[in-house]
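Report on the structure given below.
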There are 2 protein chains.
Amino acid sequence: MSLRHAVLGLLAELDGGSGYDLMKMFELSLGNVWSANQSQVYGELGKLTADGLIQVTAEGPRGRKEYGVTGEGREELRRWLLEEEPKQARRDATLLRVFFLGQLDPDQAQAYLRGRADDMGRRAEELAALQGQIDWGDDNLSVYGRLAMEYGRRFMAMRREWAEWAENELKARES
Amino acid sequence: MSLRHAVLGLLAELDGGSGYDLMKMFELSLGNVWSANQSQVYGELGKLTADGLIQVTAEGPRGRKEYGVTGEGREELRRWLLEEEPKQARRDATLLRVFFLGQLDPDQAQAYLRGRADDMGRRAEELAALQGQIDWGDDNLSVYGRLAMEYGRRFMAMRREWAEWAENELKARES
DNA sequence: CCTTGCATGTAATGGGTTACATGATTTA
DNA sequence: TAAATCATGTAACCCATTACATGCAAGG
């Protein structure tokens with residue numbers, strides 16, 4: 001049930017916006033942390049409106065509808081932030097494969113881990129470069145988005161280091 | 001489509017087993033990396049059988065059916081391991097909240113991060129303790145499961161460090 | 001004999017992905 | 001005037017979760 005709060009949160013931070021505006025945000029920033037597609041966004045806007053957590057505040061050209069968070073919506077957002085325990089989805093496609101690497105030859109298993117290490121190294125560098133380029137503003141989404149981005153960088157680095165360690169563990173077993 | 005390969009992989013590693021056997025594996029080891037419930041397991045066994053990737057190899061008491069991987073199934077497992085790029089699900093409930101911490105008072109935001117750091121620290125310790133206790137065997141699932149567990153430990157540690165760093169970043173901004 | 005564990009299945013519901021479908025407005 | 005962008009919506013399908021439903025077998 002977190003898509004609901006992603007939409008609610010964005011509308012709260014942006015002081016309102018259209019479904020199209022939200023989609024842009026999902027595409028270029030929030031989506032790295034919680035992805036959503038167009039169908040989902042419009043669907044959720046409808047449900048949130050029906051539940052009274054947001055409302056249409058203006059209508060523009062091309063059928064554009066601008067939404068704003070209601071008092072009830074703000075309350076729900078705070079409740080979610082403060083009271084609901086974030087529960088981790090235990091699903092990792094890379095790690096699932098690791099469990100079954102015994103089905104491959106040892107050198108293929110090592111190559112898999114090497115591939116992960118390289119991939120993660122690449123991504124960590126890309127993120128680090130991006131981090132240097134961006135001019136962070138002083139608004140909430142910039143301040144907290146920056147924290148999230150640093151998390152991403154550390155995550156990639158950690159995964160790279162682990163994959164290299166794991167590759168060496170397998171090499172050590174070969175004797 | 002990875003549940004399919006989780007089931008296929010387990011049957012390959014265990015040299016066959018029943019739905020019940022697989023559920024046990026999901027509960028106590030594989031589930032930390034790819035979770036699945038009873039309905040899913042039995043449903044997937046049916047689909048895999050219909051597609052010829054596994055087959056019933058024996059029937060036991062209480063309607064027990066033992067499944068084994070077919071040649072086609074083994075082929076599909078290798079293909080998945082070697083050729084399919086693991087794609088990461090970009091969904092993290094903890095981090096999603098971080099984006100919207102600006103909706104809280106600064107001290108509440110810091111408390112959220114502190115809570116995460118504590119939680120992760122606790123889990124990292126639990127995992128480290130578990131790691132020390134387990135007698136790892138020499139079978140594939142033990143060898144590779146050990147790698148996955150070390151990943152979990154490092155992951156928790158990284159998250160703890162990040163949450164502490166983020167908390168300090170917020171404190172530094174207060175001036 | 002009673003509890004625990006073994007064992008399988010189905011139905012309802014909700015969320016996510018992909019594809020389809022349409023059209024207005026701006027800009028080059 | 002053509003292409004790009006803005007803008008919304010629906011339908012079909014698949015996957016995951018929860019709940020329901022049943023019954024046999026082994027051990028204390």
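Here the structure is a predicted model, which is why all the values come from computation and not from measurement. Note on naming: letters A, B, ... go to the chains in the order of the sequence lines (proteins, then strands), and numbering restarts at 1 for each one.
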Please state how far atom CE in Met25(B) lies from atom P in dC6(C), giving the value in whole angstrom units.
15 Å
In this structure, how many angstroms lie between the P atom of dT8(C) and the CD atom of Glu59(B), rounded?
10 Å
Reckon Gln40(B) has a side-chain N or O less than 4.0 Å from the OP1 or OP2 of dT17(D)?
yes
Take the protein atom CZ of Arg64(A) and the nucleotide atom C1' of dG23(C), then report the distance between them rounded to whole Å.
17 Å
Whole-Å distance, Lys87(B) NZ to dC15(D) P, equals 11 Å
Tell me whether Asp138(B) is salt-bridged to Arg173(A), with the criterion being a basic N under 4.0 Å from an acidic carboxylate O.
yes
Arg116(B) NZ/CZ over Tyr112(B) ring centroid, <6.0 Å and within 45° of normal
yes
First encountered from the 5' end of DNA chain D, between Lys65(A) and Arg62(A)
Arg62(A)
Please determine whether any donor N or O and acceptor N or O are separated by less than 3.5 Å between the side chain of Ser39(A) and the base of dT18(C).
yes
Separation of dA7(D) P from Leu22(A) CG (nearest whole Å):
12 Å
Report yes if a side-chain nitrogen or oxygen of Tyr42(A) is closer than 4.0 Å to either non-bridging phosphate oxygen (OP1 or OP2) of dG9(D); otherwise report no.
no
Atom-pair distance (CE on Met1(B); P on dC13(D)), nearest Å:
16 Å
Can you see whether Trp80(A) has Arg97(B) sitting over its ring - NZ or CZ less than 6.0 Å from the centre and within 45° of the normal?
yes
Can a side chain N or O of Gln38(B) be found less than 4.0 Å away from OP1 or OP2 on dT8(C)?
no
Pick the closest DNA chain D nucleotide for Lys47(B) and for Asn37(B) by heavy atoms, then say which residue is nearer the 5' end.
Lys47(B)
Do Glu59(A) and Lys65(A) meet the salt-bridge criterion of a basic N to acidic O distance under 4.0 Å?
no
Choose from dT25(C), dC6(D), dT10(C) the nucleotide whose nearest atom is closest to any side-chain atom of Tyr20(A).
dC6(D)
What is the distance from CG of Asp51(A) to C1' of dG14(C), rounded to the nearest Å?
14 Å
Pairwise 5' ranking along DNA chain C for Arg91(B) and Lys24(B), keeping only the more 5' one:
Lys24(B)
What integer distance in Å separates Leu3(B):CG from dG16(C):P?
18 Å
Backbone N/O of Leu130(A) and side chain of Gln133(A): donor-acceptor pair under 3.5 Å:
no
